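Predicted model only: the values in this text are computed from it and were never measured. Letters A, B, ... mirror the listed sequences (proteins, then strands); counts begin at 1.
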2 protein chains.
Amino acid sequence: MTVTLADVAARAGVSAATVSRVLNSNYPVAEATRDRVLRAVAELEYVANGPASALAAATSDLVGILVNDVADPFFGVLASAVQSEMSGDGTSGGEKLAVVCNTGGSPERELTYLTLLHRQRAGAVVLTGGATEDPAHTAALAARVARLSAAGTQVVLCGRPPLPAGATAGAGGSAEAPVAGGRAAGAASAAASPASAADAGPAPLTVAFDNRGGARSLTEHLVALGHRRIGCVAGPEGLTTTRHRLEGHRAALATHGIEDVPGRTVHGAYDRASGYAAAHELLRRDEDLTAVVAANDTVALGVCAALREHGLRVPEDVSVAGFDDLPFSMDAVPALTTVRLPLTEAGARAGRLAMGREPAPADGVVLLSSELVIRKSTAPPYS
Amino acid sequence: MTVTLADVAARAGVSAATVSRVLNSNYPVAEATRDRVLRAVAELEYVANGPASALAAATSDLVGILVNDVADPFFGVLASAVQSEMSGDGTSGGEKLAVVCNTGGSPERELTYLTLLHRQRAGAVVLTGGATEDPAHTAALAARVARLSAAGTQVVLCGRPPLPAGATAGAGGSAEAPVAGGRAAGAASAAASPASAADAGPAPLTVAFDNRGGARSLTEHLVALGHRRIGCVAGPEGLTTTRHRLEGHRAALATHGIEDVPGRTVHGAYDRASGYAAAHELLRRDEDLTAVVAANDTVALGVCAALREHGLRVPEDVSVAGFDDLPFSMDAVPALTTVRLPLTEAGARAGRLAMGREPAPADGVVLLSSELVIRKSTAPPYS
DNA sequence: TCACGCATAGAAAGCGCTTTCCATCGCGAG
DNA sequence: CTCGCGATGGAAAGCGCTTTCTATGCGTGA
């Protein structure tokens, strides 16, 4: 079988306890003994049994990161930043296994992964990805998060809004135990309630982007250039991010007394195909748009492609603006005007917060501001 | 504390053994009993302790995926495919926690993660990322992989060549136990050697790309168009992928009797900045290049940017070809001519192989062929 | 010189689960 | 009517590690 602690102990001529102490270096061990143990470990090529350690110590060195899709640059960059921060970047010796989980944007898989991470007794979890506004899912999510917290796991939401305060405590009890009848039920819940208050554990933290402000400044940039007929390819309906960006866009319009024509807004997914389709639809409804703000950079690329097919030049005929400032945006032709979200900073801070390497803000929320990046895809209309 | 198996058992009025059997459904349990247990589980919101299960069952439901950088689309797409295949895609109930680990391209971190995964007793590991040709690292890697295999973990290499056959067995013993002296040493190794032969476990499998063939067809495409002065921005030196692509390129040149001028090849990293710098360098050396083949699509983007700065149009003045056919390549302007690597298929097959859902080929290697994709960035010279 | 305290290391009790025996029950066969 | 067997469920032994509690050996002050 595999080499165990006992084997190492035997080889080094010490007890298992001593080996454990050497490896976890949290107890005084004489130099000579330590050397002997370390040598035995090397000779035997001993690799500790993680599950056993986790069981005994009641905590594992696993930390999780949930993303919608690693293949999407937005999440890729975010995940990369979070991970390098969480796994200690190889610097500190405290090796954590930072793992990223792909939810594929599915709320169910999100819950599943949260449970799986809970099951693994992960030490921390960073949750990114679109937050749906579906109350049922929000409640279920809040309940899961509350349970993770209760188990001592630090949860950090990144790039999404904080969980509704009430839901955290409320949903767990009501939504999750539909079959509360039975003989022991009364006693159990009576015992559980006070405990849950005490066991609340680390409160969930949040690192969010100022989507509203970013969208607003983007549209204002367009308005400042002279655009009045601005199309909007918004993200999927029912996502807070979508709503916030749309609100920012509308706020800018309102500020400048521009009518918000409903037909000029089309919803779609955060991918190129949606942008392509949406742009065609927008053009079908109104041939005279002079600008289009897209849900994000990827969508903007699709919009540009559709525009080109219509024989329209960007930005001479139609200006196009993206969002996120993904890596490829500066290389697009024309280079995309967009709103830069501090993805790397967000990921890093979320990671640090999760690992307790950065003090949590009083209200538990870090709001990161965005920055308008003006490049070549926007210009005055009719130029 | 947390709810344990025993709590559920008590609540359901059965023994812990029964609860375990219900949850792992691998033993006949009467319908009524099962219902009672399931209800208790729901009421108590029981979440099994993964480490404990893993310890008792001597296997965890963790499966790992190693990549260089999730923020890089190449790995993002690959990881996404592997993961959706490994985590059962939500279809089968056998929930695995498929986790992706970012090595950042560092051989050390690669080894570290392998050890960490071993420590967690991962059920399977898919290893992607550039394979260095450094013998020391290759040996160390082979040794780690051998140990994982010995522990029963199925290892699958994806998008990289198979491990050298000899190294797998050889390196473990010689490279890893430098301090073999000591009283118990003789006995231990005597016992270990026969065991390691028996414990060999599942042999590592490989899913590789035909980099050589792809590069060759790409350069031949250029030659067929009439190009003779072809620059080459190769990947980092010391990587097998780099070497294979370069060999393919040179083979094509040789076939058509075109001299392989050393100065026309420049090495760089797999990123945009390298492509940009390399193109400038290439132009400095030879103003009259009519085409450039890049290490991959991302690099090609950088090459295009540099060319543009030189006032050269693509493809009218200089043709540019990429490699990989990443998602953004079709949207580039001009759309990139490139070699499509079946990333998704590779990831999916690697995932299936790792999970034992697909029979392993006799020689343990699956070679996926590439496909030349001709788009707008290549054209006849001087046109 | 002797007791006392400190620095080390060992013994052993679990951590929560899986799984191998066994015990029990109910039933049809002899 | 009794015996044996299949179908269920329980008891208990670990899995490999951490950690408390305890024992030992030594140096030191009185």
Side-chain angles (χ1 to χ4, degrees), chain A residues 1-38 40-41 44-62 94-95 116 118-123 151-152, chain B residues 1-38 40-41 44-62 94-95 116 118-123 151-152:
Chain A
M1 258 301 285
T2 354
V3 178
T4 73
L5 233 212
D7 298 330
V8 175
R11 171 81 161 228
V14 300
S15 75
T18 302
V19 177
S20 172
R21 294 200 265 249
V22 167
L23 295 179
N24 299 302
S25 52
N26 52 3
Y27 195 85
V29 172
E31 188 79 15
T33 314
R34 171 186 307 276
D35 287 350
R36 219 138 31 89
V37 170
L38 256 18
V41 166
L44 262 22
E45 301 186 347
Y46 171 68
V47 174
N49 182 313
S53 306
L55 174 56
T59 168
S60 91
D61 54 359
L62 203 67
E95 284 304 353
L116 243 27
H118 181 183
R119 190 201 301 290
Q120 297 296 333
R121 299 299 186 261
Chain B
M1 258 299 285
T2 357
V3 177
T4 73
L5 234 211
D7 298 331
V8 175
R11 171 81 162 227
V14 299
S15 75
T18 302
V19 177
S20 172
R21 293 200 266 249
V22 167
L23 295 179
N24 298 302
S25 50
N26 53 3
Y27 195 85
V29 172
E31 188 80 13
T33 313
R34 170 186 308 277
D35 287 351
R36 218 139 29 91
V37 170
L38 257 18
V41 166
L44 261 22
E45 301 186 348
Y46 171 68
V47 174
N49 181 313
S53 305
L55 174 57
T59 169
S60 91
D61 54 359
L62 203 67
E95 284 303 352
L116 245 25
H118 181 183
R119 190 201 301 290
Q120 297 295 335
R121 299 299 187 261

Nucleotide nearest [X] when distance is taken to its side chain, options [options]:
X: A/Ser15; options: D/dC17, C/dG10, D/dG9; result: C/dG10
X: B/Ser20; options: C/dT18, D/dC17, C/dC15; result: C/dT18
X: A/Tyr27; options: D/dG16, C/dA11, C/dA9; result: C/dA9
X: A/Thr18; options: C/dC17, C/dA9, D/dG16; result: C/dA9
X: A/Ala52; options: D/dG10, D/dC17, C/dA9; result: D/dC17
X: A/Ala56; options: D/dA11, C/dG14, C/dG16; result: C/dG14

Integer-rounded Å distance: [N] [atom2] and [X] [atom1]:
X: A/Leu5; N: D/dC15; atom1: CG; atom2: P; result: 13 Å
X: B/Asn24; N: C/dT19; atom1: CG; atom2: C1'; result: 10 Å
X: A/Arg121; N: D/dC17; atom1: CZ; atom2: P; result: 20 Å
X: A/Asp7; N: D/dG16; atom1: CG; atom2: C1'; result: 10 Å
X: B/Glu31; N: D/dA7; atom1: CD; atom2: P; result: 16 Å

Would you classify [X] as touching base, sugar-phosphate or nothing, given that sugar-phosphate means primed atoms plus P, OP1 and OP2, and contacts are heavy atoms under 4.0 Å?
X: A/Ala54; value: nothing
X: B/Ala58; value: nothing
X: A/Thr4; value: sugar-phosphate

Kindly indicate, with the supporting measurements, whether the criterion side-chain contact (heavy atoms from CB on, under 4.5 Å) is fulfilled by A/Asn49 and A/Thr4. CA-CA 8 Å; A/Asn49 182 313; A/Thr4 73; over 6 Å; no
Check B/Val29, B/Thr33, B/Val37 against B/Arg21 for a side-chain contact (heavy atoms from CB on, under 4.5 Å) and give me the one that passes.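 With B/Arg21 as partner, side-chain contact (heavy atoms from CB on, under 4.5 Å) holds for just one option, B/Val29.
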Assuming nearest nucleotide by heavy-atom distance, tell me which of B/Arg21 and B/Gly50 is located more 5' along DNA chain C.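 Whichever sits nearer the 5' end wins; that is B/Gly50.
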Residue mapping more 5' on DNA chain C - nearest nucleotide basis, A/Pro28 or A/Ala57: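 Nearest-nucleotide comparison on DNA chain C picks A/Pro28.
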Spacing of A/Thr2 atom OG1 and B/Arg121 atom CZ [to the nearest 0.5 Å]: 5.5 Å
